[in-house]
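The structure appears below as structure tokens.
Treat the numbers as computed from the prediction; the structure is a model and nothing was measured. Counting from 1, the numbers follow the sequence of the chain as shown. The analysis underlying the following values was restricted to heavy atoms, covering all of them including side chains, and did not include hydrogens, waters or symmetry mates.
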Amino acid sequence: MVKKSPILAAIVLLLIVLGGCSKGPSPEERFQEYVSLWNKQKFNEMYDFLSADAKSKMTEKEFTDRYKKIYESIEVSNLNVTYDKPEEDADRGDEKKASLPYALKMDTIAGPVEFEQDAVFVQEETEKEENWFLAWNPAMIFPQLKEGDAVRVSELKPLRGSIFDKNGKGIAIQAKVPEIQVVPGQLGDEPEKVKAEAAKLLNLSVEDIDAKLSANWVKPDVSVPIVKVDPANKELLIKVTSLPGFQKADVDSRYYPQGESSAHLSGYVGSITAEQLEKLKDKGYTSTSQIGKTGLEYVYEERLRGKPGYRIFIEASNETIAETPAENGEDITVTIDASLQKQLYDQLRGDSGTAVALHPKTGETLAMVSSPSYNPNAFVFGMSGEAYKTLAEHPQKPLSAKFNKTFSPGSTFKPITAAVGLKTGSIDPEAVKKINGLTWKKGPEWGKYTITRVSEKYSSVNLERALVTSDNIYFAQAALAIGPEAFKKGLEEFGFSEDIDYAFPIAASSVSNSELAANEVLLADSGYGQGEVLMSPVHLTAAYTVFLNEGSMLKPYLEKKEQTAPEIWKEGIISPEQNSIIFSDLVKVVEDPNGTAHKPKLPNIKLAGKTGTAELKTTKEEVGKENGWFVGMNTDNPELLITMMIEDVKDRGGSHYVVPKVKNVFSSYLK
């Protein structure tokens, strides 16, 4: 028989005694572990701490998914669950149960959430061990949450800000508008015939109406929204609502009171696209958001849209967990005068063209018009695919604004060449050039290329006569005398090749795509606004503020200020003396009977200005289209400067087709 060592026996006995005295982890220690996992959002590991009863009610996947879905939907961040373990484990009356207080803080999409409550641990024996487990229940997610309840998030939509003109007239506003609705069960004995009639009136297809009526929530006695209608179209409302089953209800909507006259200015809102949502999802946009698509709605989107609010609540009880109210969008007042905008649009109606008006002493943008136009309300109220296709494929591009694009300015550019010539000393205003006949070329090196002027009334031509009669030959020779480098530098002082610091995106004006130094003909053509010179109507209008502001160019602006003090964009482009020479000649362009802008003569209104006809062709031999221009400004107490361009005026008198239209606006606006 082998004898046991006394030392070995003692060790075995000690281990048995120590094992019998081991209590295992306390509930406080267990909860500390659980809280650590909770703060790390390790939900699958948290499940291991749940009591048998809690586990019997949900699987690990259900537990994990519930936490994840709720926390993701309410956009939890900065989760901080705290439990302060006491220095000594608490004495418990019930040795099998422990109640431990904790606090939770988190940030959510609807604001901060905080609560305090107790976690209950129970002692249970498993196949492996006896330990403390959490008697988990849904209230540990939120105190208001009960078994079977769902947590929901609702977006509280802000009211979009409005855009007003300088006099408080609405350009883009929130308003009550009529909405045509259909009660399917009241369409009568011939529903297809009724729908066809309604579709024709509403410029929709029967398929458009059927698509609305086929929604799974539609019932025979429930009104189904079909399309919003312009409140001004009262006759249409009467006709549609006289049909069986069709009725009207007033609903909140975006509305553009100025309609077509301000469409390219106001722009419109529409449903956000998937591509836009991908870019803007971090800015609070959702798949149901409306967003500014074009115009001022697009330019001021960030300020107009406001900030959505959110509410987190229990679906069954409607109890609120957290709520952040919506912040309405900002109202914006622009410098536009809606009445002037409409007057200019009325003059352009039926033509393809554009007009821009500034206050020449302040830089306020008073109007920006493009024609042909469209009704922006159609994009909000509903437009058929066929109607949109007609607009999109129209050769005159009614969906595209023209006032922010660039065009060949033609002879309206000549005062700018004159300014550069006077500043560089290349033009002596009193010096007389001998110009005979209608055509001229520098020499045989030009081959067959010649420059043509409109009138040979004068063979002795100084700066005044050149501007009054719009002499192309004079300004071609002036550009050659200035030279390519000085010419380009002079135009850059007028803001060419420079982005305008302006709320509405404007294409930069450009001198040439080619090197002027390498192409003498191109330089000569550029002198009278042809060649490759391109200007936006906004920039051209701003350039003419030089002649009413002692040689300095004002910076145009679009948003109304408390003070209308002008801001200088380019100071002292030319001297006051040089400026006076050009301005005096621009007055004669209108007032002198030989001036290209003399007719029609306005009684009691004195104007200065310059006409222009831009030939659009790539070769001298080509018979191209012509755009007609006129830039005009009143001279006594100057308050209005207008640029108007109309396309395709070749057989309609060129710029002489444009001049009366601009003068009509001066007559009505300054009366």
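- Classification of E275 and K279 as a salt-bridged pair fails, no side-chain N sitting under 4.0 Å from a carboxylate O.
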task: Report the C-alpha distance between E260 and S373 in whole Å, list the side-chain angles of each, state the deciding distance to 0.1 Å, and finish with yes or no for side chain to side chain donor-acceptor pair (under 3.5 Å).
output: CA-CA 6 Å; E260 292 185 354; S373 188; 5.5 Å; no
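- Summarising the local packing, CD of E445 is surrounded by more than 12 heavy atoms from other residues, nucleotides or ligands at distances under 6.0 Å.
- Taking CD1 of I163 as the reference point, atom OH of Y300 lies at 8.0 Å (rounded to 0.5 Å).
- Residues W569 and T545 fail the side-chain proximity criterion, which asks for heavy atoms closer than 4.5 Å.
- Under a cutoff of 6.0 Å and an axis angle of 45°, K433 and Y474 form a cation-pi pair.
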task: May I have the step-by-step check of side chain to side chain contact (heavy atoms under 4.5 Å, CB included) for L399 and F379, ending in yes or no?
output: CA-CA 11 Å; L399 292 176; F379 282 92; 3.8 Å; yes
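- Under a cutoff of 6.0 Å and an axis angle of 45°, K405 and F407 do not form a cation-pi pair.
- Side-chain contact between T452 and N472 is absent, with no heavy-atom pair separated by less than 4.5 Å.
- Within a 6.0 Å radius of NZ in K441, other residues, nucleotides and ligands contribute more than 12 heavy atoms.
- Here the closest heavy-atom approach between residue T412 and residue P409 is recorded as OG1-O, 2.6 Å.
- Contact check for V546 versus I582: no side-chain heavy atoms found under the 4.5 Å cut-off.
- Two residues are said to be in side-chain contact when any heavy atoms from C-beta on lie closer than 4.5 Å; N579 and F547 meet this criterion.
- Side-chain atoms of S460 do not come within 3.5 Å of backbone N or O of K434 as any donor-acceptor pair.
- Side-chain contact, E532 with S514: a donor N or O sits under 3.5 Å from an acceptor N or O.
- The aromatic ring centres of H539 and F496 sit less than 6.0 Å apart.
- Heavy atoms from other residues, nucleotides or ligands lying under 6.0 Å from NZ of K361 number more than 12.
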message: The test is side chain to side chain donor-acceptor pair (under 3.5 Å); show your working for K610 and S470 and say whether it passes.
response: CA-CA 8 Å; K610 184 70 188 76; S470 200; 2.8 Å; yes
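- Using a cutoff of 4.0 Å between basic side-chain nitrogens and carboxylate oxygens, E301 and K283 are not scored as salt-bridged.
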message: Is there a side chain to side chain donor-acceptor pair (under 3.5 Å) between T273 and Q276? Walk through the geometry before answering.
response: CA-CA 5 Å; T273 64; Q276 289 172 321; 3.3 Å; yes
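- Salt bridge absent: R465 and D471 never bring a charged side-chain N and a carboxylate O closer than 4.0 Å.
- Side chains of E364 and T335: no donor on one and acceptor on the other come within 3.5 Å.
- Of the inter-residue distances, the one linking N627 atom CG with M645 atom CE reads 5.0 Å to the nearest 0.5 angstrom.
- The closest donor-acceptor contact from the side chain of Q396 to the backbone of P372 lies at 3.5 Å or more, if one exists at all.
- For the pair K599 and H656, the minimum side-chain heavy-atom distance is 4.5 Å or more.
- Heavy atoms from other residues, nucleotides or ligands lying under 6.0 Å from NZ of K489 number 12 at most.
- Residue D428 places its CG atom among more than 12 non-hydrogen atoms of other residues, nucleotides or ligands, all under 6.0 Å distant.
- A heavy-atom distance below 4.5 Å is not found between the side chains of V662 and L607.
- For the pair T406 and A508, the tightest heavy-atom approach, listed with the atom from each and the gap, is CG2-O, 3.5 Å.
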- prompt: Given V369 and Q341, is the side chain to side chain contact (heavy atoms under 4.5 Å, CB included) satisfied, shown in steps?
  reply: CA-CA 7 Å; V369 180; Q341 181 88 8; 3.5 Å; yes
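- Here the side chain of E430 pairs no donor or acceptor atom with the backbone of N462 at under 3.5 angstrom.
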query: Can you check side chain to side chain contact (heavy atoms under 4.5 Å, CB included) on K570 and E498, steps first, answer last?
result: CA-CA 12 Å; K570 301 288 183 181; E498 184 177 326; 2.7 Å; yes
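- With rounding to the nearest 0.5 angstrom, the CZ atom of F487 is 10.5 Å from the OG1 atom of T424.
- Of the possible polar contacts, none joining the K560 side chain to the T333 backbone as a donor-acceptor pair under 3.5 Å is found.
- Counting heavy atoms from C-beta on, the side chains of F504 and V538 never come closer than 4.5 Å.
- One distance of note links CD of E591 with OG1 of T635; it measures 7.0 Å at 0.5 Å rounding.
- A cation-pi contact, defined as under 6.0 Å to the ring centre and within 45° of the axis, links R305 to Y285.
- No side-chain heavy atom of S584 sits under 4.5 Å from any side-chain heavy atom of E464.
- Between N594 and Y458, the side chains place a donor N or O and an acceptor N or O closer than 3.5 Å (distance only, hydrogens not considered).
- Ion pair R652/D351 flagged as a salt bridge, since at least one NZ, NE, NH1 or NH2 atom sits closer than 4.0 Å to an Asp/Glu carboxylate oxygen.
- Shown here is Y298, whose OH atom has no more than 12 heavy atoms of other residues, nucleotides or ligands within 6.0 Å.
- For K488, the NZ atom counts as loosely surrounded, since its 6.0 Å shell holds 12 or fewer non-hydrogen atoms of other residues, nucleotides or ligands.
- Using modelled atom types, no side-chain atom of K402 and backbone atom of A355 make a donor-acceptor pair closer than 3.5 Å.
- Under a 4.0 Å N-O distance rule, the pair E559/R303 qualifies as a salt bridge.
- Atoms CG and OH, on D230 and Y256 in that order, are 12.5 Å from each other to the nearest 0.5 Å.
- A side-chain donor-acceptor contact under 3.5 Å links Y449 and D525.
- The environment of NZ in K457 is sparse: at most 12 heavy-atom neighbours from other residues, nucleotides or ligands sit within 6.0 Å.
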- request: Could you please spell out the steps behind the side chain to side chain contact (heavy atoms under 4.5 Å, CB included) verdict for Y374 and T390?
  value: CA-CA 11 Å; Y374 61 92; T390 299; over 6 Å; no
Check against side chain to side chain donor-acceptor pair (under 3.5 Å), T596 and T611: CA-CA 7 Å; T596 55; T611 57; 2.7 Å; yes
